[in-house]
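Start at 1 and go down the list; that is how both ligands and their atoms are numbered. In what follows, every heavy atom counts, from backbone to side chain, and hydrogens, waters and symmetry copies are set aside.
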Amino acid sequence: MASGWNETTARHVLQQHGQLHVLEFWDELTATERHQLLAQLVEVDYAGLTASWQTQANAAASADALDLSRAEPPPALRLPITTIDSSLATDEAITRTRRLGEQAMARGGLGFVLVAGGQGTRLGFPHPKGMFPCGPVSQRSLFQIYVDRLLALRRRYGVSIPLYLMTSPATHDETVEFFRRHRNFNYPESDVMIFCQGTMPSLDIVTGRLLLAEKHALALSPNGHGGTLEALQRYGCLEDMRARRVEHLWYFQVDNPLVPLGDPFFLGAHLQAQSEMTTQVGAKRDPAERVGNVIALDGRLHVVEYTELPETLAQQRDVDGSLRYWAGNLAVHLFERTFLERMSGRSDVLPYHLARKKVEYRNQRGERMVPEAPNAIKFEKFIFDLMPHAARPLVVEVDLQVAFAPIKNADGADRDTPQSAREAMVSLHRRWLEEAGAQLAPDILVEIDPQFAWDVTELAQKLPPATRVLRDTFFTLK
Ligand code: UTP
């Protein structure tokens with residue numbers, strides 16, 4: 001992108017904001033490098049950065065400003081209504097809700113946005129997380145697991161379904177190449193849009209000065225999953241949705257292979273409540289669980305990070321012994337397109353959250369420094385901060401065993417690893433097969449492609465009577 005800035009403009013603006021040091025190596029740079037640096041500098045929101053920096057210096061981050069003494073548990077649709085398994089439920093109300101969701105899908109009213117711009121540092125996989133081979137038998141990548149599910153949905157409802165896939169500079173090129181190499185895993189070219197989210201510069205933790213990653217480049221990192229809002233608008237995805245008459249956008253993350261994409265109950269409940277934003281939650285198993293807490297406060301819903309929920313509240317229990325603040329955010333949201341359009345015009349709805357991280361940088365002599373302790377402040381927006389702005393927001397509890405198998409850490413950690421996710425997939429699919437009448441040898445791995453069977457009912461129709469499964473098997477279309 002042409003920067004529109006020359007050296008004089010840059011010096012003037014940087015001087016005003018106390019950031020002139022980033023031109024320290026200007027005389028050593030080639031013409032191309034100077035152009036690259038200027039192109040980065042023109043994009044920085046200096047006033048916003050300074051304001052956020054001052055906020056953290058005052059130790060008054062946005063969520064801290066909430067008076068949680070008046071917090072309540074959120075009103076929610078709670079289990080035993082479940083997601084996929086509710087196809088087995090006979091309750092008429094549930095069936096009606098599901099049907100509403102199915103009708104909306106059959107009208108082609110639903111699109112998906114997959115956010116895959118994170119750096120995935122905890123997993124330590126040297127590629128975008130979506131490329132991680134996760135299928136317990138098939139070794140399908142996470143990306144393919146989601147695409148297979150969307151392909152199954154398209155076939156089920158006979159409609160095209162747009163997939164908006166958000167990357168970041170850290171993941172973009174490899175993701176594009178991966179999809180190209182695999183021919184989009186058979187997903188129609190015209191229905192996949194891969195777009196890149198924005199970045200934010202990191203600041204020195206002590207001085208608040210911009211860090212340089214190279215003599216001609218700022219240390220930039222993706223601006224958080226909240227960057228989805230701006231990027232959807234900027235790359236014309238909201239416009240594309242409008243043109244396709246897609247009214248609802250299903251948001252999901254790259255790290256949960258059990259995410260119940262296209263569950264008709266979830267969509268139906270969203271429609272029934274005329275909600276602008278509906279969120280899946282799971283019941284927390286212990287007070288300190290590392291998930292955001294969905295709470296109600298003064299008639300609005302918020303997500304409060306686990307680090308920000310006071311211990312006294314986290315520990316509170318109801319008379320039956322269950323946690324009072326039980327609702328863990330699973331990062332699956334359903335948005336009305338019109339809500340996102342309204343919000344994308346407002347710069348004030350998603351505040352920056354600040355995190356202290358280790359960031360490699362160039363020191364004043366231009367030497368590369370690899371810090372051993374957090375040396376930088378990173379800025380991220382979070383998508384769930386839209387929740388207090390939504391009209392008639394809804395919270396729907398899902399069964400964690402059916403719908404949640406996060407991959408955050410490398411194998412060997414005590415939770416949320418590739419191994420724990422594969423175990424959760426196998427155990428769910430073993431149960432489906434058994435319910436569908438199959439006999440399974442103990443300890444074998446099974447995996448079901450949603451294109452083969454969407455739920456237990458379809459599985460039972462597909463399996464020959466008295467099926468015995470004696471070895472590791474991937475049930476897929478031949
Ligand atoms: P995480 O909060 O788990 O962050 O992202 P991460 O960067 O993937 O992993 P760590 O913390 O470095 O180990 C949750 C979801 O949000 C996406 C991620 O790709 C993941 O799907 N995300 C996160 C973005 O798309 N952009 C971001 O800037 C941050």
Between ligand 1 and [X], is the shortest N or O to N or O distance under 3.5 Å?
{"X": "Q197", "result": "yes"}
{"X": "G117", "result": "yes"}
{"X": "G118", "result": "yes"}
{"X": "K129", "result": "no"}
{"X": "E380", "result": "no"}

Parallel, tilted or perpendicular: which fits the ring planes of [X] and [Y], with parallel below 30° and perpendicular above 60°?
{"X": "F178", "Y": "F143", "answer": "tilted"}
{"X": "H225", "Y": "F382", "answer": "tilted"}
{"X": "H333", "Y": "Y251", "answer": "tilted"}
{"X": "H17", "Y": "Y46", "answer": "parallel"}

Distance under 6.0 Å and angle within 45° of ring axis: [X] vs [Y]:
{"X": "R154", "Y": "Y187", "value": "yes"}
{"X": "R78", "Y": "W326", "value": "yes"}
{"X": "R149", "Y": "W454", "value": "yes"}

Between [Y] and [X], is the closest basic N to carboxylate O distance under 4.0 Å?
{"X": "R244", "Y": "D191", "result": "yes"}
{"X": "E367", "Y": "R362", "result": "no"}
{"X": "D385", "Y": "K381", "result": "no"}

List every atom of ligand 1 that sits less than 4.0 Å from any heavy atom of [X], numbering the atoms from 1 in the order shown and giving each element.
{"X": "K408", "answer": "1 (P), 3 (O), 14 (C)"}
{"X": "V254", "answer": "19 (O), 21 (O)"}
{"X": "M166", "answer": "25 (O)"}

Heavy atom of the protein closest to [atom] (residue, atom name, distance):
{"atom": "atom 7 (O) of ligand 1", "value": "Q119 N, 2.9 Å"}
{"atom": "atom 20 (C) of ligand 1", "value": "V115 O, 3.9 Å"}
{"atom": "atom 11 (O) of ligand 1", "value": "R122 NH2, 3.0 Å"}
{"atom": "atom 6 (P) of ligand 1", "value": "G120 N, 3.6 Å"}

Please report the shortest heavy-atom distance between A283 and L400, naming the atom on each side.
->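 In terms of heavy atoms, the two residues are closest at O-CD1, 3.4 Å.
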With a 4.0 Å heavy-atom cut-off (strictly under), which part of P222 contacts ligand 1: side chain, backbone, both or neither?
->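 Both backbone and side chain of P222 come within 4.0 Å of ligand 1.
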If hydrogens are left out, which of K381, M200, H225 has an atom nearest to atom 29 (C) of ligand 1, that is, the closest non-hydrogen atom?
->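 Of the listed residues, H225 has the closest heavy atom.
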Pick, from T228, T121, I407, the option with the minimum heavy-atom distance to atom 12 (O) of ligand 1.
->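 Minimum heavy-atom distance to atom 12 (O) of ligand 1 goes to T121.
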May I ask whether G224 places a heavy atom under 4.0 Å from ligand 1?
->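 It does; at least one heavy atom falls under 4.0 Å.
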Using non-hydrogen atoms of the residue, decide whether G227 is closer than 4.0 angstrom to ligand 1.
->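 No heavy atom of G227 comes that close to ligand 1.
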